[in-house]
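Data block below; observations after.
Lettering follows sequence order; numbering is per chain, from 1. What you see is a predicted model, and the numbers here were worked out from it, not measured in a lab.
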Amino acid sequence: MKARITITLKHGVLDPQGKAIEGALGSLGFTGVENVRQGKYIELDVTETNTDQARSKLKAMCEKLLANTVIENYHIDLG
Amino acid sequence: MKARITITLKHGVLDPQGKAIEGALGSLGFTGVENVRQGKYIELDVTETNTDQARSKLKAMCEKLLANTVIENYHIDLG
Amino acid sequence: MKSAIILFPGINRDGDMRKALESVTGTRPITVWHGESELPNVELAVIPGGFSYGDYLRCGAIAARSPIMADVKAKAARGLKVLGVCNGFQILTEAGLLPGVLVRNSGLKFVCRQVKLKVENNRTFFTNRLQKGTVVRCPVAHGEGNYFADAKTVARLEDEGRIVFRYVEETNPNGAVSDIAGIINEAGNVIGLMPHPENMIEALHGASDCRPLFESLRVAA
Amino acid sequence: MKLKPRAAVAPASVMTPDLVAQHGLKPEEYQRILDLLGREPTITELGIFSAMWNEHCSYKSSKAWLKTLPTSGERVIQGPGENAGVVDFGDGDAIIFKMESHNHPSFIEPYQGAATGVGGILRDVFTMGARPIAALNALRFGSPAHPRTRHLVSGVVAGIGGYGNSFGVPTVGGEVNFHPRYNGNILVNAMAIGLAKADRIFYSKAEGVGLPVVYLGAKTGRDGIHGATMASTVFDDRAEEKRPTVQVGDPFTEKCLLEACLELMDSDAVVAIQDMGAAGLTCSAVEMGAKGDLGIDLDLDKVPCREPGMSAYEMMLSESQERMLMVLRPDKERIAEAIFRKWGLDFAVIGTTTDTLRFRVKHRGDVMADLPIKELGDQAPMYERPWIKPQPQPFLKDVAPPNDLKSALLKLVSSPDLSSRRWVWEQYDHLIQSNTAQLPGGDAAVIRLNASGKALAATTDVTPRYVEADAYEGGKQAVAECWRNLTSVGAEPVAVTDNLNFGNPERPEIMGQFVMAVKGIGDACRALGFPVVSGNVSLYNETSGQGILPTPVIGGVGLIPDVRQMATLAFKAEGDDILLIGGHGTHLGQSIYLREIHLREEGPPPPVDLQKEKRHGDFVRALIRAGRVTACHDISDGGLLIALAEMALAGTLGASISGSDILDHASLFAEDQGRYIVTCHPEGTAQILHAAASKGIDAVHLGRVAQGALIVEGLLSISLDELKRAHDGWFPAFMQS
Ligand SMILES: Nc1ncnc2c1ncn2[C@@H]1O[C@H](COP(=O)(O)OP(=O)(O)O)[C@@H](O)[C@H]1O
Ligand SMILES: [Mg+2]
């Protein structure tokens, strides 16, 4: 089963990349762009076929490694 | 209008990050995980209200700056 | 003092650190491989700089979860002194031994240059040979040394005198909040800093400003 | 052994002239293949030939001329022909070094192209048993005004740093130039230097029959397939279409590979080792076998693959990075495997050495290739390409003085080619390993080798506009400047590596530049006792008919017995005397002054008198070693005034120069060769001038080191702050704009 995990910075956490991208877009002449935030996107396959099992397993992966829950939120999409 | 852009490595392009993450998950005891690929996720607000306008603008941003189209694909979600 | 250098794949400033510890403290540190589950009996564990696991995912994240770190945490709770430099600092924050995180430099570029560090707290095992307020020259070499923590945490660090090193004279190379270059934990036995004192200890380095830091380790023993 | 009739052997219809052409093989070259085999090649075999016989691997256009270079000397342990050159640095130490280009890939994807270029050259060095201790890079970009230049500069510099910093080698020197002639073909030449024990050096020559051929490192993917052939084909404006072959570097895996290889080399398990570079598995396997007069059988089913369903053709041509091939002592296989597993690397026995002198490749039970291994290498076509001697430039008369000397100086120090490169080298970790004795910004980088203070100096040099104007003199000058830069820090120049970047050799005038430059390099190396021990050739640097400036980069290493005697270019103390060794200059042809102030790129380059060069250099080196000078800097781009400005900026001290000897602007901006500026305590001056006179060396007392400003009596007065702002300002401003 395919899983897509998006990891985003919590509100209020400093995001140098997002800021830089926003600046760069501006200097490239792209106006009307705001609140750029950069996060991570992870795709993977789990052999687990039971959706609930898979989800709880992915949750554990995020908590243990994929996200730094002090500063990041994560969201899991399955199948 | 809110836009979400996911940027992923083209098929067949080496993904050292994904490789390392897969290895780490393994040694943390998470079995049955395969083909881990890491990409970028960018959130931003565009003042543009016309969806088509916004989309073509975002497309231009991806081509010009956000994605390295030599090795990356991008996908735009709007609203 | 008896010390151990912890080696993760991708760490690359272990040689520099070994040289510094040996030449200044006079004792050669033991090297411990990340896969081992137990730290030998030492007073100080050092995590040197580098790119453990390529800095992939988040710098320090993967190393922080390797077997040896469990024992480091356990022994740190019982007073083991721990020093993390650069990637070592990042690993310590990822392991939860120090608060905050180190994010991408505000300039988004790797930066290798000399900065000025002010010793804000000289009552630590790594600074006791220097006067409070001393300013030392020291190089940095990192792409993700931008220290960040929420306002509450930073305020606590300030109040409790847990900011050990601060960038001064407009030399903050990465945009770190409150010019924080290095901090210590509440119990006072875990220190992390981004700059590389091990690269500033002899004439060849242009100055030996950072020698006293390593001499402090002897006193602390 | 019978070839499988179908599938493996492409039906005649498949072996079309088109297909052959796509593999970069000329019709006559394909005929040669048919004659050699007495049958049609399989598609896999065609791929193998295309890899082995392309310019990049076979040097078919350049070999005849490279043979004319001097490659021996009492310090030379291994000259060209191995992964890198090896020189004796005394006390049982060997220095292993080489330079290599990654031009085309860097143009297509600057970050990954430059990163994998660094990875490749580091591998060449540690394959031979050396731990890399320094990296340098010579970069050439198009006009700053060209829309792509900024993107290429930022990507290339970030890529070099990204790989070297993570791998853990200090990047300590190099060059950066800009010129419109590189608009469509940038140059990214990376140099790596390693330290090994002279009696523990590893070669690629396989010895012994029936030994395991072992695959090490990362898995094989479809990366860079045809990269090697691509790197030898002229660009057209559809270059972007070649994108899918982009390779991605993994410095983390390379660092693990380094540690694993060095750990294994400590045991005596390794018979032969060869990194997989261009045309990966093909070149490395053939090389090991051919060198050892052995055959090699490979079983591709054993090759660790990153993607399912890879064909033999793809595996044989893949340029996936961070891979090695080894021939092992069978009894050491277990030890070796354990070491590589410990470092998280792949380890697979994929073949054996044979006595058949054939290169046989099996896949899924079929023989996909069965080729004569020697002929694959030795029988590669060699070309005596026709060439014509370039026309000498007419001598240059009456170059006007600047309207205003001060603004001219400011314009020069803030010009793209003379401004500070700090923006570049601050992105490189130039301190790691804690032996860096001289940072980027000096004449040569200096790295301490051991506790006793023995040190290595290194630099890369070439002045392409000189080579363009006179390939022979320009070739000489590249070697001379490299030798001079090493001398300027007090080093004994030991040997060089070269990276010869030229346009399309099938054009007689380009081939003429190549030939004359190589002659010049050879003559200079002979005269200066500076042998060539390794090198790399990059041809076809041409886009839509426009070739690059001929750019034969020379990378040199030198020996400093005691790093405490090293010289730097920074002014040290107010009141020190400033001496000019080699006399005042008059030659403004091809000078930066002429180009930047008068917008003219004309005239012959300054000629190099190799006898003078040696005499002056040996004299200056002796002064440095005797501790009689406080600073030293050679005079190169921009001439005397620029050299003085660089010394002032480095030492944050000014100078007061007496106007009397400054006859005209030529004295200030001429780029005559073989000249140095030294400073000394006033009491030492007379002695130095006398010593120079007694050796017939022209030496002039210019003035004194002073506070705050650079002053040339009656002509110029400029504050250091103003100078510094101009010098530091250009690069960051350009990259931000
Ligand atoms: N790409 C680079 N990487 C590191 N250092 C560089 C690079 N380009 C230039 N430098 C450094 O800048 C200084 C000036 O370069 P250059 O003008 O070529 O010196 P020189 O005229 O003595 O050959 C040298 O110390 C050189 O090592
Ligand atoms: Mg020079």
**Q.** Student check: side-chain heavy atoms of B:Lys40 and A:Tyr41 closer than 4.5 Å
**A.** no
Q | pair B:Lys57-A:Thr31: side-chain heavy atoms closer than 4.5 Å | A | yes
(Q) How long is the straight-line distance from CG of A:Leu44 back to CD of B:Glu34, given to the nearest 0.5 Å? (A) 10.0 Å
Q.
Can you confirm whether A:Arg4 sits close enough to B:Thr8 that some side-chain heavy atom of one is under 4.5 Å from a side-chain heavy atom of the other?
A. no
Q: Tell me, for B:Ala60 versus chain A, whether the close heavy atoms (under 4.5 Å) come from the side chain, the backbone, both or neither.
A: both
Q | chain B contact via A:Ile5 - which portion, at a heavy-atom distance below 4.5 Å | A | neither
Q: Sort A:Leu28 into side chain, backbone, both or neither according to what part of it lies under 4.5 angstrom from a heavy atom of chain B.
A: side chain
Q) With respect to chain B, which residue among A:Val46, A:Thr6, A:Val36 yields the maximal number of heavy-atom pairs within a distance under 4.5 Å? A) A:Val36
Q) Rounded to the nearest 0.5 Å, how far does CG of A:Leu66 lie from CD of B:Gln38? A) 9.0 Å
Q.
Are there over 12 heavy-atom neighbours, none belonging to A:Lys2, within less than 6.0 Å of that residue's NZ?
A. yes
Q) Is the shortest heavy-atom distance from the side chain of B:Glu43 to the side chain of A:Asn35 under 4.5 Å? A) no
Q) Just by modelled atom types, is the A:Leu25 backbone N or O under 3.5 Å from a matching donor or acceptor in the B:Lys64 side chain? A) no
Q | Engaged part of B:Leu58 at the chain A interface, taking heavy atoms whose separation is under 4.5 Å | A | neither
